[in-house]
Every structure is written in C-alpha cells, then in structure tokens.
Number of protein chains: 2
Amino acid sequence: MQDPCQAREVLGIVGDKWALLIVRMLKDGPRRFTELKRSIDGISQRMLTVTLRDLERDGILTRTVRNVMPPHVSYELTTMGRTLREATAPLLDWSIEHLPHIDAARAAYDNR
Amino acid sequence: MQDPCQAREVLGIVGDKWALLIVRMLKDGPRRFTELKRSIDGISQRMLTVTLRDLERDGILTRTVRNVMPPHVSYELTTMGRTLREATAPLLDWSIEHLPHIDAARAAYDNR
DNA sequence: CTGAATCCTGTAAGATACTG
DNA sequence: CAGTATCTTACAGGATTCAG
C-alpha cells in the first residue's frame, strides 16, 4: 500500500455507491437481475445495469444468459470477486462496531 | 453485516473520493494541512478542507490549532480512526494483489 | 499557513418510456 | 424478464479570490 495510485484505483470499485452492496448480495451464490433489484433497496434499474456491467468488466462477477423466453440472466462472483468480498469483511465488521460512535460524534459535533 | 443500511453508511465514508487517502497519510502520526495537500496528489484546497471537516465530524480525526503566526494546524487520527485504518488494510492488500488482474480483465472485456 | 466564500462545470444518477 | 434510450436535475468538486 505504498502506491497512492493503486489505492485510488481500488477506491473506484470500493467507493462505488452500489458495487459493494451487489457483491454482498452475491456472497451466497448466483442471483438474477430482478432478484438483485428487489433486494437492494433504492437502486434504480439503470444503476443496477450499469454497476453490474462495470463489475463484470473488472472481472468481479460473471453474467450468464440462458436463452429462453422470458430471458433468464444470472450473476455470480468470480474467484476474484469472492476474495474481494472477503477483503471487505473487516470493514463491514468495523462499521457494525463503530457506527453508533460515529453517529454520536456527529451529534456532538453538530451541537456547536 | 446483516443490515444493508449500516453497510451504506460506512460506504459514505469509505466511498469518499479522498477520505481514505487522508486516513492513509495520517497513519504514521499527525500531519499539517499543507503537508497533506502536498502528499495527496491532485486534491484541491477546498476538497482537503471539506474532507477533513467531515472526518473530524465523524470522529475519525482531530484538528489541533496552535495559535501562532503563521497558523499551525495539525490533524491526527483518533483511536477510532486508527481502527478504521486497520480495517481497510485487507482491502489495500487485496488491491495490490489483484489490480493487475483487474486491468487484464478490463482489457479483455474491452476487446469485444 | 490555513482556511472561507463564490462561481461554474461535468457528471452521476433518478424518472420515465420503450423493446426483444 | 432484463434490459436500452432519453431526458432532466442535483450535486460534487475544480478554479479562483479574499482573509485572519
């Protein structure tokens, strides 16, 4: 982690508004488009499509189309995607533990 | 990490364009404003100020003003800030290891 | 040196409607 | 069902100037 430029490229993925939420939804196996749309609260159809494309491009997940009617498309983490998911776990643990503190800190700060 | 809403609040910090880069620069102790400005390539004065304020508000770092002329202000991670920094370490390790793969995946994807 | 205050712009992204 | 296309808007964030 010496090179700031590298750090910045990851942030492009990690810092994405929806990317980690999608990765998180895929941790237990493949999911379909509509399934993801339902389970990620507030995401628009457009942003789901766009973010899935980006993650596919980055090799984080795969997109599999079954050519039937109606269409059936499922998304699944690649090996790299799974390691990413594991690498973000400490961060999520951290959030669970510290979010109350953050909220408290904000409240204290705003009371001035 | 069951609650998506929590995940989303952390992403507000982690996903910030500059926040983690600042946290990273503070890992070895307090730094001054101009020092940070120099070492974080491409950050504007405005964004440094704004991001530092946000991180102070969140209780991630402290701002210490020494009242001399010229002014002397230094920023330092709080205990919580240091734990955040530690929680992001796996992610940075991950990036070092996988960025080449990501670049390759992108190149492959774009060649179609 | 360390900001605050404006101004200005590009882009992210929501809403909506259409399609194989 | 799983998208694409278009329009529109809000806001992030850069450049610049001023100030204690």
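Everything numeric here is computed off the predicted structure, so don't read it as measured data. Per chain, numbering begins at 1; letters A, B, ... match sequence-line order. Just so you know, these numbers use all the heavy atoms, side chains as well, and skip hydrogens, waters and symmetry mates.
Comparing A:Gly42 and A:Pro71 by the nucleotide of DNA chain C whose heavy atom lies nearest to each, the residue mapping closer to the 5' end is A:Gly42.
Among residues at least two apart or in separate chains, side chain to side chain donor-acceptor pair (under 3.5 Å) pairs with a member in residues 60-71 of chain A are A:Arg63-A:Tyr75.
In this structure, A:Lys17 reaches the sugar-phosphate backbone alone: every heavy-atom distance under 4.0 Å involves primed, P, OP1 or OP2 atoms, never a base.
For D:dA2, the OP1/OP2 oxygens have a side-chain nitrogen or oxygen of A:Arg32 closer than 4.0 Å.
Between A:Asn67 atom CG and D:dC1 atom P the separation is 17 Å, expressed in whole Å. Whole-Å rounding puts the A:Arg31 CZ to D:dC1 C1' distance at 17 Å. Across the protein-nucleic acid pair, A:Met69 atom CE and C:dG20 atom C1' stand 6 Å apart, rounded to whole Å. Atom P of nucleotide D:dA2 and atom NZ of A:Lys37 are separated by 12 Å, given to the nearest angstrom. One atom, CZ of A:Arg66, and another, C1' of C:dG20, lie 18 Å apart when rounded to the nearest Å. Atoms CG (B:Leu11) and P (C:dA12) sit 18 Å apart, rounded to a whole Å. A straight line from CG of A:Asp41 to C1' of C:dG14 spans 15 Å, rounded to a whole angstrom. Put simply, CG on B:Leu21 is 15 Å from C1' on D:dG13, counting in whole angstrom units.
In terms of modelled atom types and a separation under 3.5 Å, the side chain of B:Ser74 and the main chain of B:Pro30 share no donor-acceptor contact. Remark: side-chain polar atoms of B:Thr51 are not paired, donor with acceptor, to backbone N or O of B:Leu48 under 3.5 angstrom. No side-chain donor-acceptor contact under 3.5 Å links B:Asp58 to the backbone of B:Ile60.
For the contact set between residues 43-65 of chain A and DNA chain D, defined by any heavy atom under 4.0 Å, the members are A:Gln45, A:Arg46, A:Thr49, A:Arg53, A:Arg63.
Under a hydrophobic-cluster definition in which Ile, Leu, Val, Met, Phe, Trp and Tyr are linked whenever side-chain heavy atoms come within less than 4.5 Å, directly or via other members, A:Val68 and A:Phe33 are assigned to different clusters.
Atom CG of B:Asp41 has 12 or fewer heavy atoms from other residues, nucleotides or ligands within 6.0 Å.
In this pair, A:Trp94 and A:His98 present their aromatic rings parallel. The plane angle is below 30°, not in the 30 to 60° band.
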